[in-house]
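Since we're looking at a predicted model, the values are computed, not measured.
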Amino acid sequence: MADGLATAYTVATYDPRGMSRSVLDDPGAEQRVAEHADDALRLLDLLSPGEPARVFGTSSGAVAALRLLTDRPDRIERLVAHEPPLVEVLPDAPAHRALVARVQETLHAQGLMPAMAVFAAGLKKDDGGAAEPKAAAEASPQVRGVDLRGAAAGPQATEAGPQAAEAGPQAPVRLPPRAAARAERTMANLPYFVGRIVPAFMSYVPDVPRLATLSDRLVLAGGEDSRGELPYRPAAFLAERLGTALLHFPGGHTGLTTHPAEFGERLHKALLS
């Protein structure tokens with residue numbers, strides 16, 4: 001997707017602090033949304049010191065971007081925020097606080113993968129039905145320039161559904177080299193993501209009145225396939241609260257990975273409008 005956007009923009013993506021190649025001196029340090037937003041500001045000041053930038057963030061990247069918008073609106077010409085998990089704005093926020101607490105308790109008592117299972121279960125649709133297999137698989141973080149959630153096993157491993165079992169064993173999926181490297185980094189990032197990013201970013205409370213004054217440069221977005229799921233709901237709630245339209249992108253929470261060309265085309269239009 002970045003390659004496609006690079007025909008019209010100077011595109012910069014990066015690994016947030018603690019993720020992949022952005023190594024922390026203290027991996028156990030508490031993470032703060034404000035600090036991550038300041039990291040993005042430093043990058044903007046380095047690459048575009050004389051003019052504001054068009055910014056895209058998804059998942060926890062969108063949370064940091066929204067904080068950057070409220071702190072330094074002079075540095076952002078337009079922000080597209082795709083499914084920021086700002087669960088504290090929701091009417092049922094206490095239930096989601098309890099989910100984050102259960103994830104942390106499970107992580108410390110049983111380990112990473114049981115914690116991921118608890119997290120996935122908490123992302124189910126709010127109608128009480130189980131989340132689609134793809135949505136459950138997307139509970140773990142994707143190394144982002146812009147996205148912090150993706151499928152721990154890779155979406156290819158889950159999208160085939162029951163038919164795959166009926167058809168017998170399947171040949172292993174061969175990922176392109178760049179995708180394989182990204183998947184490897186994703187798995188390495190999981191303990192830090194679950195233990196540090198999830199509690200810090202899902203407990204963040206945005207300045208909604210401040211965002212209302214900046215809504216002319218803010219596009220809130222969700223996935224066409226993730227309606228009703230937990231990461232989708234805050235964007236929908238905020239769009240209604242701010243009186244703006246919710247823009248839908250192809251795919252679900254990780255649509256930029258599963259539908260990169262279509263996602264990029266829609267993002268290009270959103271950044272220009």
Side-chain angles (χ1 to χ4, degrees), residues 16 19 30-41 55-73 76 78-104 119-120 122-126 131 135 138-142 144 146-150 193-194 196-215 217-223 226-249 252-256 270:
M19 303 290 284
E30 180 181 353
Q31 296 304 298
R32 297 177 176 84
V33 171
E35 204 165 29
H36 283 249
D38 187 64
D39 290 341
L41 174 62
V55 176
F56 168 69
T58 186
S59 194
S60 53
V63 175
L66 286 166
R67 175 59 188 258
L68 176 58
L69 177 63
T70 58
D71 287 349
R72 292 295 304 273
I76 296 182
R78 195 160 190 80
L79 166 61
V80 179
H82 179 261
E83 298 201 358
L86 295 167
V87 297
E88 287 293 330
V89 306
L90 298 174
D92 55 348
H96 308 307
R97 285 185 218 126
L99 167 64
V100 173
R102 288 197 304 275
V103 170
Q104 297 308 300
F119 191 38
L123 303 182
K124 64 186 179 182
K125 294 180 183 293
D126 61 359
E138 287 178 349
S140 52
Q142 169 132 18
R144 78 145 183 132
V146 285
D147 188 3
L148 279 176
R149 280 187 36 210
F193 173 78
V194 177
R196 297 298 173 187
I197 297 298
V198 166
F201 281 68
M202 291 186 70
S203 63
Y204 175 70
V205 181
D207 187 341
V208 177
R210 174 72 164 157
L211 289 174
T213 69
L214 301 166
S215 61
R217 70 188 76 182
L218 172 61
V219 178
L220 290 159
S226 53
R227 299 170 193 262
E229 294 172 5
L230 182 56
Y232 174 98
R233 292 177 55 209
F237 181 89
L238 283 173
E240 183 176 0
R241 176 86 175 268
L242 300 180
T244 62
L246 181 70
L247 180 65
H248 284 91
F249 277 77
H253 190 71
T254 59
L256 68 92

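Side-chain contact between Asp38 and Asp71 is absent, with no heavy atoms from C-beta onward closer than 4.5 Å. Taking 4.5 Å as the limit, every side-chain heavy atom of Arg241 sits out of range of all side-chain heavy atoms of Leu220. Within the 4.5 Å cutoff, the side chain of Leu230 has no heavy atoms near those of the Pro85 side chain. Looking at heavy atoms from C-beta onward, Glu229 lies out of side-chain contact with Glu83 at the 4.5 angstrom threshold. Contact annotation: the side chain of Leu69 approaches that of Arg217 to within less than 4.5 Å [non-hydrogen atoms, C-beta and beyond]. Contact check for Thr70 versus Pro206: no side-chain heavy atoms found under the 4.5 Å cut-off. Contact of the Val87 side chain with the Met202 side chain is registered, since non-hydrogen atoms from C-beta on lie closer than 4.5 Å. Inter-residue side-chain proximity for Val198 and Phe119 is flagged as met; some heavy-atom pair is nearer than 4.5 Å.
Note that OG of Ser203 is 10.5 Å distant from CG of Leu86, once rounded to the nearest 0.5 Å. Once rounded to the nearest 0.5 Å, the distance linking CZ of Arg102 with NE2 of His96 reads 10.5 Å. For the atom pair NE2 of His36 and CD1 of Ile197, the computed distance is 4.0 Å after rounding to the nearest 0.5 Å.
For Leu246 against Gly222, the heavy-atom pair with the smallest separation is CD1-N, 4.0 Å. Nearest heavy-atom pair across Leu66 and Leu218 is CD2-CD1, 3.6 Å. Between Pro84 and Ala235, the shortest heavy-atom contact is CD-CB, 4.0 Å. In this structure, Pro234 and Pro231 approach most closely via the heavy-atom pair CD-O, 3.6 Å. The two residues Val33 and Ala200 come nearest to each other via the heavy atoms CG2-O, 4.0 Å.
The backbone N or O of Val194 sits less than 3.5 Å from a side-chain atom of Gln104, completing a donor-acceptor pair. Arg78 places a side-chain N or O within 3.5 Å of a backbone atom of Ala270 that can act as its donor or acceptor partner. Remark: side-chain polar atoms of Arg67 are not paired, donor with acceptor, to backbone N or O of Tyr204 under 3.5 angstrom.
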Side chain to side chain contact (heavy atoms under 4.5 Å, CB included) evaluation trace for Arg97 with Glu88: CA-CA 8 Å; Arg97 285 185 218 126; Glu88 287 293 330; 2.8 Å; yes
Test log, rule side chain to side chain contact (heavy atoms under 4.5 Å, CB included), inputs Phe56 and Leu256: CA-CA 11 Å; Phe56 168 69; Leu256 68 92; 4.0 Å; yes
Pair Val208-Leu242, side chain to side chain contact (heavy atoms under 4.5 Å, CB included): steps then yes or no: CA-CA 8 Å; Val208 177; Leu242 300 180; 4.2 Å; yes
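Shown are His248, His253, His82; of these, the side-chain hydrogen bond (donor to acceptor under 3.5 Å, both in side chains) with Tyr232 is made only by His248.
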